[in-house]
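When a residue number appears, it is its place in the shown sequence, counting from 1. Both ligands and their constituent atoms are indexed starting at 1 by order of listing. Since we're looking at a predicted model, the values are computed, not measured.
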Amino acid sequence: GSNWEFIKTEVTGEKKNVAVITLNRPKALNALCNGLMKELSTALKAYGKDANISAIVLTGSEKAFAAGADIKEMAPNTYSQCIQGNFLNDWTEVARTQKPIIAAVNGYALGGGCELAMMCDIIYAGDKAKFGQPEIALGTIPGAGGTQRLTRVVGKSKAMEMCLTGNMINAQEAEKVGLVSKVIPADQLLGEAVKLGEKIGTHSNLIVQLCKEAVNTAYETTLQEGLKFERRTFHATFSTADRKEGMQAFVEKRPAKFTSE
Ligand code: CAA
């Protein structure tokens with residue numbers, strides 16, 4: 001993909017099975033304008049359908065993962081335009097992607113940038129990363145999950161503090177509260193995120209997809225419903241060739257060869 005205006009894409013990893021999407025609007029600190037979000041959706045859809053891709057890494061620059069929705073672009077929006085255009089609806093593609101997405105966050109992840117990272121499945125943070133929901137200072141509120149996903153991840157008190165003050169938290173605090181799973185020196189972040197994608201890519205793409213769905217179900221429903229979904233999905237893996245192969249390989253003390261069948 002070389003025709004992008006606001007992103008860069010690359011396929012990497014030893015097996016060429018990890019896609020890296022880099023937000024590339026440096027002058028605006030990767031502010032998430034409509035054009036950028038359209039390109040991101042298009043790239044995600046394409047990688048989602050590509051059987052050779054096992055995982056996707058989403059990253060930005062050293063200074064900013066993304067500084068939020070594009071304030072200058074949305075400033076003139078009216079209420080009726082927001083409603084009738086279903087403003088921000090096309091951001092959902094990220095959360096709809098069936099393959100694992102790893103956010104590799106260096107620098108600012110603010111507002112929509114923090115929300116975008118939270119739509120991903122795993123967040124790795126560079127040691128200088130900063131997370132925040134500063135919408136309140138603009139006279140608005142988070143609109144792409146900042147009051148919802150953040151609260152489920154870090155709990156009410158911390159989410160409320162972040163959303164009501166607009167204050168940022170640093171990478172170390174983000175790890176402490178469970179927003180990110182690891183803090184990594186900034187210059188090693190992308191490499192480690194790709195390694196994580198490669199590790200996931202050693203497993204069955206098919207079973208990884210089911211597992212991702214099951215973890216996400218924990219977010220989206222009650223414990224009883226989630227446990228039921230998990231159990232039935234676990235049962236369903238017994239209908240796959242990859243489940244047979246995985247267990248057979250264990251018994252035969254050899255690496256499994258998965259086919260996603
Ligand atoms: N939208 C549009 N442009 C942005 C932007 C944004 N969210 N964030 C930064 N920029 C632009 C700046 O306007 C500036 O452009 P010019 O050089 O043309 O003036 C350029 O990027 C560099 O930014 P700064 O000069 O401000 O850089 P800094 O290092 O001094 O500050 C910052 C960095 C603290 C991240 C600061 O840019 C900032 O506070 N940005 C806005 C953060 C924000 O409020 N995000 C929430 C947006 S609302 C939202 O996201 C809604 C939602 O829920 C979806």
Test item: [X] side-chain N/O and [Y] main-chain N/O as donor-acceptor pair under 3.5 Å:
X: Asn24; Y: Phe6; value: no
X: Ser260; Y: Asn205; value: yes
X: Glu73; Y: Cys33; value: no
X: Lys212; Y: Thr97; value: yes

*Verify salt bridge (charged side-chain N to carboxylate O under 4.0 Å, His left out) between Glu5 and Arg25, making sure each step is shown before the conclusion.*
CA-CA 8 Å; Glu5 186 180 355; Arg25 208 189 158 205; over 6 Å; no
For [X], atoms of ligand 1 separated by under 4.0 Å from a heavy atom:
X: Gly111; value: 46 (C), 50 (O)
X: Glu115; value: 52 (C), 53 (O), 54 (C)
X: Ala28; value: 4 (C), 9 (C), 10 (N), 11 (C), 21 (O)
X: Leu88; value: 54 (C)
X: Gly68; value: 50 (O)
X: Lys72; value: 13 (O), 15 (O), 16 (P), 18 (O), 19 (O)
X: Pro142; value: 53 (O)
X: Lys63; value: 27 (O), 28 (P), 29 (O)

*Does Ala69 reach ligand 1 with a nitrogen or oxygen that is under 3.5 Å from one of the ligand's nitrogen or oxygen atoms?*
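Yes, there is a polar N/O contact under 3.5 Å.
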*What do you reckon, does Ile71 have a nitrogen or oxygen under 3.5 Å from a nitrogen or oxygen of ligand 1?*
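Among all N and O atoms of Ile71, at least one is under 3.5 Å from an N or O of ligand 1.
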Name the closest protein heavy atom to [atom], giving the residue it belongs to and the distance to 0.1 Å.
atom: atom 38 (C) of ligand 1; result: Leu110 CD1, 4.7 Å
atom: atom 20 (C) of ligand 1; result: Lys27 O, 3.2 Å
atom: atom 23 (O) of ligand 1; result: Leu29 CD1, 3.5 Å
atom: atom 50 (O) of ligand 1; result: Gly112 N, 2.7 Å

Is the number of heavy atoms from other residues, nucleotides or ligands within 6.0 Å of [atom1] ([X]) greater than 12?
X: Gln98; atom1: CD; answer: no
X: Tyr79; atom1: OH; answer: no
X: Gln209; atom1: CD; answer: yes
X: Arg254; atom1: CZ; answer: yes
X: Phe250; atom1: CZ; answer: no

Would you verify that at least one protein heavy atom lies under 4.0 Å from [atom], or report that none does?
atom: atom 13 (O) of ligand 1; answer: yes
atom: atom 30 (O) of ligand 1; answer: no
atom: atom 16 (P) of ligand 1; answer: yes
atom: atom 25 (O) of ligand 1; answer: no
atom: atom 8 (N) of ligand 1; answer: yes

*Would you mind finding which of Gly145, Ala67, Ala144 brings a heavy atom closest to atom 40 (N) of ligand 1?*
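It is Ala67 whose heavy atom sits nearest to atom 40 (N) of ligand 1.
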*Counting heavy atoms only, name the option from Gly113, Pro134, Cys33 that's nearest to atom 44 (O) of ligand 1.*
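Considering heavy atoms of Gly113, Pro134, Cys33, the nearest to atom 44 (O) of ligand 1 sits in Pro134.
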*side chain to side chain contact (heavy atoms under 4.5 Å, CB included) partner of Tyr47, chosen from Asn52, Ile53, Thr42*: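 Going through the options one by one, the only one that passes is Ile53.
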*Of the side chain and backbone of Ala31, name the one, both, or neither that has a heavy atom under 4.0 Å from an atom of ligand 1.*
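Answer for Ala31: side chain.
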*Leu138 contact mode with ligand 1 (heavy-atom cut-off under 4.0 Å)*: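 Answer for Leu138: side chain.
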_Heavy-atom side-chain proximity of Pro185 to Gln188 below 4.5 angstrom_ =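 Yes, their side chains come closer than 4.5 Å.
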*Test: Glu93 and Arg96 ion pair at under 4.0 Å*: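 Looking at Arg96 together with Glu93, the answer is yes, because their closest N to O distance falls below 4.0 Å.
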*Any salt bridge between Lys128 and Glu62, counting N to O under 4.0 Å?*
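Not counted as a salt bridge, because no side-chain N and carboxylate O are separated by less than 4.0 Å.
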*Below 4.0 Å from any atom of ligand 1, is there a heavy atom belonging to Met74?*
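Heavy atoms of Met74 do come under 4.0 Å of ligand 1.
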